[in-house]
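Okay, so here's the structure we're looking at.
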Number of protein chains: 2
Amino acid sequence: MTVSRVLNAPENIHPATLAKVRAAIDSTGYVPNSAAKALRSSRSRLIAAVLPTLTGPIFLDTIEALAAGLARRGYQLIVGQSGYSDDKEDELLTDIISRRPDGIVLTGVGHSEEGRRRLLASGIPVVETWDLTEQPLDVLVGFSHEAVGREVSRFLVSRGRRKLALIGADDQRSQRRWSSFARSARAQGLAQPVAHFVPAPAKLADGRQALRAVLAQHRDIDALFCSSDSLAFGALVEARAQGIEVPRQLAVVGFGDLNFADQLEPALTTVRVDGPRIGELAAHCIVSRALGQPLDERIVDVGFSIVERSST
Amino acid sequence: MTVSRVLNAPENIHPATLAKVRAAIDSTGYVPNSAAKALRSSRSRLIAAVLPTLTGPIFLDTIEALAAGLARRGYQLIVGQSGYSDDKEDELLTDIISRRPDGIVLTGVGHSEEGRRRLLASGIPVVETWDLTEQPLDVLVGFSHEAVGREVSRFLVSRGRRKLALIGADDQRSQRRWSSFARSARAQGLAQPVAHFVPAPAKLADGRQALRAVLAQHRDIDALFCSSDSLAFGALVEARAQGIEVPRQLAVVGFGDLNFADQLEPALTTVRVDGPRIGELAAHCIVSRALGQPLDERIVDVGFSIVERSST
DNA sequence: TTGTATGCGTTATCAT
DNA sequence: ATGATAACGCATACAA
């Protein structure tokens, strides 16, 4: 008990005792046991994050900022990969809930019914990220993928493009950008855009192959929206290989504004999302919730912007 | 107690009891408490990983494979960022040790004396990665950065290059590649190579700026070794901007073989390391150690290869 | 086949 | 200012 006090409330301890206990701690290499602490206090100082994949460069900035923000606030981060699969996410969720984290940060808002139930039943605070919905589980930090699809299609039309195409990954958020992109194009009087999907996570080489496939069927497209900068990079490479001039014959828009986007030839027009901001906000929100502190807003829309460069 | 048995050893439970308990579990949403389990059994099923940064694309494949490998084996991963700083690593280690993970995976072998002491005192199995040393703390999965520096210099000399330069990040491993690169160049009768360092983690833009700085002083260099593909990408961009032909006037070698390396113009010659293999091996080793199983080898050298493309 | 007692390391609470 | 007791949820050892 005295040791506990020395560590947690040294102010009311006799200096001599303090010194003696600290000496003992040093000489024995004593380190308190967080599991016992958590068991006794029902506070684990652990936050869990569920991500589709750790390698997706898009989420990376967010995780890094999240990890840093949590560390700064005295929390540790436990990560799980759902691999873009609902079943995997549900399994993971059970494991995670058994750890009794003080909070859970999810990527996206599309969870299985079972997953939603378990999360709500656990009573653990949840922050969903990288997406927007009217009915979040709890707190939400993200932006609208529908708005992205719509704005990109309007942007392309405003630049005089008429034959739109899209290369996307088969994950939920990319699909929603696609739906909105297509709907908006039709609303503006264009034909239904061409689409080609590749398995997530999409790699550069997928972009090359995908554009090749699209061009084989639809040589007349004049604008291409790629659901990631990596895909766009691949598309630029393929366009050059096929002698298609970008942007004269084909406008290309990416997603993510990864650090190579402005160095490509031509520099890539892309959708920029403030990943670190999402991570930092998520850290703030989840910790506030964990401490039972009130939150200004339950839904934070961080927005996005279209960074216009020479590929359009 | 019966609930515990239903969950962990259902074979000796009366079918009726089994059904009753399971129904109760379902209806109440009971999820076992890992902290209590850990406290009782001294086995947390938790592995901690310490990384310089989560965004370094180099380690990413390793972390992903590590996370996947651990999940497959029923372990969860807790991550911490040391930010290339010893002090931060030591702080982190204390937090980590207090969690009583069943194992710790470290990046690199350069830890502070204090850190080494704490790790050894904790008795927690440790796997060091991405480096090689004669005296690992425990298990090691990596490769020799000295060998990388040496082999790249030999490679460049064998291709007729005589005025070597290096652009590196100021992290330990990059520095060791540099020392060896320089030593080997001198041993081959060349002058001391030119070097320029940028703060880790190095970004593409740093590569541009660094090459500009090097060229301002040493216009006559004919070969450049960059300590990451991102830096090399930036260097290629700058070389083109300055009208320097690669590889005719300047050979460029990267490190990492990131997925864009073969798509650059010219395609980048680079050092390839099997990141996923390191992660998977680390998962295997740390779990074996955690279970007290014997290990074939304590030191695994996964090696590296120089992938020759058109930038040299 | 099921149940009871006990202790893992911590801290809230109540003595002293 | 310090110590004693109890309880967090689980699983080992033992009993029935």
Side-chain angles (χ1 to χ4, degrees), chain A residues 1-46 48 74-76 78 93-103 118 121-124 290-292, chain B residues 1-46 48 74-76 78 93-103 118 121-124 290-292:
Chain A
M1 197 52 236
T2 302
V3 174
S4 176
R5 275 193 276 253
V6 166
L7 261 36
N8 301 309
E11 52 275 5
N12 297 332
I13 302 282
H14 190 90
T17 319
L18 209 62
K20 223 161 50 178
V21 171
R22 284 188 172 148
I25 287 177
D26 281 353
S27 77
T28 57
Y30 166 82
V31 179
N33 183 322
S34 303
K37 227 184 266 229
L39 187 59
R40 174 66 234 231
S41 65
S42 321
R43 303 193 52 250
S44 60
R45 301 219 135 232
L46 216 52
Y75 285 75
Q76 287 191 266
I78 183 166
L93 247 33
T94 309
D95 283 358
I96 286 175
I97 291 170
S98 82
R99 298 270 173 209
R100 303 293 192 268
D102 293 340
R118 281 194 203 154
S122 75
I124 300 172
L291 299 174
Chain B
M1 197 51 236
T2 301
V3 174
S4 175
R5 274 193 276 253
V6 166
L7 261 37
N8 301 310
E11 51 275 8
N12 295 332
I13 302 282
H14 190 91
T17 319
L18 208 63
K20 222 159 49 175
V21 171
R22 286 190 170 145
I25 287 177
D26 281 351
S27 76
T28 57
Y30 167 82
V31 179
N33 183 322
S34 303
K37 224 184 269 230
L39 188 58
R40 173 67 234 233
S41 62
S42 325
R43 303 193 53 250
S44 59
R45 301 219 137 234
L46 216 52
Y75 285 75
Q76 287 191 268
I78 183 165
L93 281 176
T94 310
D95 284 359
I96 285 174
I97 291 171
S98 81
R99 299 271 172 207
R100 303 293 193 271
D102 293 341
R118 282 197 201 150
S122 75
I124 301 171
L291 298 174

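Order of the sequence lines sets the chain letters (A, B, ...), proteins ahead of strands, with each chain counted from 1. Because the structure is a prediction, the values reported are computed rather than measured.
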Round to the nearest Å and state the distance from B/Asn12 atom CG to D/dC14 atom C1'.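 One finds 16 Å between C1' of D/dC14 and CG of B/Asn12, rounded.
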Calculate the interatomic distance between B/Leu7 atom CG and D/dT12 atom P; express it in whole Å.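 Rounded to whole Å, this separation is 13 Å.
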Looking only at side chains, do A/Thr94 and A/Arg118 share a donor and an acceptor under 3.5 Å apart?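 A donor-acceptor contact under 3.5 Å links the two side chains.
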Does either side chain, that of B/Arg99 or that of A/Gln76, offer a donor lying less than 3.5 Å from an acceptor on the other one?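 There is such a pair (donor and acceptor under 3.5 Å, judged by atom type) between the side chains of B/Arg99 and A/Gln76.
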Readout for nucleotides 9-16 of chain C: B = base within 4.0 Å of protein heavy atom, S = sugar-phosphate only, - = neither; 5' to 3' it is BBBB----
Side chain to side chain donor-acceptor pair (under 3.5 Å) between A/Ser42 and A/Arg100, intermediate numbers included: CA-CA 8 Å; A/Ser42 321; A/Arg100 303 293 192 268; over 6 Å; no
Measuring to OP1 and OP2 of D/dA1, would you say a side-chain N or O of A/Thr2 lies under 4.0 angstrom away?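 False: A/Thr2 side-chain N/O out of range (4.0 Å or more) of D/dA1 OP1/OP2.
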Can you list, pair by pair, the side-chain donor-acceptor contacts under 3.5 Å of residues 2-15 of chain B, counting residues two or more places apart and other chains?
{"from": "B/Ser4", "atom 1": "OG", "to": "B/Asn8", "atom 2": "ND2", "distance (Å)": "3.4"}
{"from": "B/Asn8", "atom 1": "ND2", "to": "B/Ser4", "atom 2": "O", "distance (Å)": "3.0"}

State the OH-CZ distance between A/Tyr30 and A/Arg22, to the nearest 0.5 angstrom.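 Between A/Tyr30 OH and A/Arg22 CZ, I get 13.5 Å after rounding to 0.5 Å.
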